Amino acid sequence: MVDAALAQIANGTLALTASATNFIEATRAGVISNNTSAWTPGKIPLYLVWTDVSTVTSYNDYRLTAFRRAGRLAKTMTDANTTLAANEERNEILEFTGTLTVQRNIVLPLGAQQWTVFNNTTGGFGLQFIGATGTGVVVAAGMRAIIYADGTNVVRVTADL
């Protein structure tokens with residue numbers, strides 16, 4: 001995330017300092033650099049990489065911790081299955097409105113993530129929250145639930161409330 005917008009930085013190579021802790025970070029313009037002292041204020045942390053004389057010995061991925069969750073999405077659905085865009089699914093709270101004539105699917109990413117969802121649609125039909133593969137969970141009309149993706153399936157944390 002760069003200034004609350006999803007950004008993609010091209011892969012490349014970066015020379016690491018041997019026998020050191022390397023702080024790999026990006027500018028808001030997508031320029032990657034590293035140093036061996038600390039995170040640079042104003043830059044986006046990407047990886048913390050430990051090296052010995054000739055190899056990487058360990059690393060921590062900081063991209064997810066730098067990923068800011070936006071808060072709440074209020075989405076009016078058409079009477080069709082819906083795949084959320086990246087800027088939509090990153091919200092912690094997902095509320096859906098609109099009129100349904102049958103149960104519809106909300107397709108979510110399967111990477112580890114949790115949501116509080118609210119099926120505020122009319123018509124009396126459930127919404128199934130599901131990944132592109134695997135199984136999902138149905139939240140009844142007028143109900144809320146906490147759900148999460150476990151890497152394979154979308155599963156339930158709470159019953160419908």
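Nothing here was measured: the structure is a model prediction, and the numbers come from that model. FYI, the numbering just counts along the sequence from 1.
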Verify whether one side chain among [X] and [Y] offers a donor that lies under 3.5 Å from an acceptor in the other.
X	Y	result
Lys75	Thr82	no
Asn153	Thr135	yes
Asn119	Glu95	no
Gln113	Glu92	no
Asp79	Thr101	yes

When you measure from the side chain of [X] to the backbone N and O of [Y], does any donor-acceptor pair fall under 3.5 Å?
X	Y	result
Thr55	Thr57	no
Thr158	Ile146	yes
Asp150	Thr152	yes
Asn91	Ile93	no

Results of side chain to side chain donor-acceptor pair (under 3.5 Å) for Thr99 - residues two or more places apart only: Thr122

Rounded to the nearest 0.5 Å, what separates atom [atom1] in [X] from atom [atom2] in [Y]?
X	Y	atom1	atom2	value
Ile24	Asn34	CD1	CG	5.5 Å
Asp160	Met143	CG	CE	5.0 Å
Leu127	Phe118	CG	CZ	11.0 Å
Thr40	Glu25	OG1	CD	3.5 Å
Ile106	Trp115	CD1	CH2	11.5 Å
Thr78	Arg104	OG1	CZ	7.5 Å

Student check: side-chain heavy atoms of [X] and [Y] closer than 4.5 Å:
X	Y	result
Val107	Asn81	no
Thr121	Thr97	no
Tyr47	Asn22	no
Asn35	Thr17	no

Heavy atoms only: give me the nearest [X]-[Y] pair and the separation to one decimal.
X	Y	answer
Ser33	Lys43	OG-NZ, 3.2 Å
Pro109	Ala149	O-CB, 3.5 Å
Arg156	Ala145	NH1-CB, 3.6 Å

Tyr148 and Phe129: CA distance, side-chain angles, deciding distance, ring pair (Phe, Tyr, Trp, His ring centres under 6.0 Å) verdict: CA-CA 9 Å; Tyr148 75 95; Phe129 295 89; over 10 Å; no

Applying a strict under-4.5 Å side-chain criterion to I, L, V, M, F, W and Y, I'd like to know whether [X] and [Y] cluster together.
X	Y	answer
Met77	Leu108	yes
Leu94	Ile130	no
Leu46	Leu14	yes
Val117	Val157	no

Residues Ile147, Val155; criterion side-chain contact (heavy atoms from CB on, under 4.5 Å); working and verdict: CA-CA 6 Å; Ile147 63 173; Val155 297; over 6 Å; no

Phe125 atom CZ, over 12 foreign heavy atoms within 6.0 Å: yes

Arg144, CZ: over 12 other non-hydrogen atoms inside 6.0 angstrom: no

Option among Val49, Leu48, Thr51, Thr36 that satisfies the side-chain contact (heavy atoms from CB on, under 4.5 Å) test with Thr21: Leu48

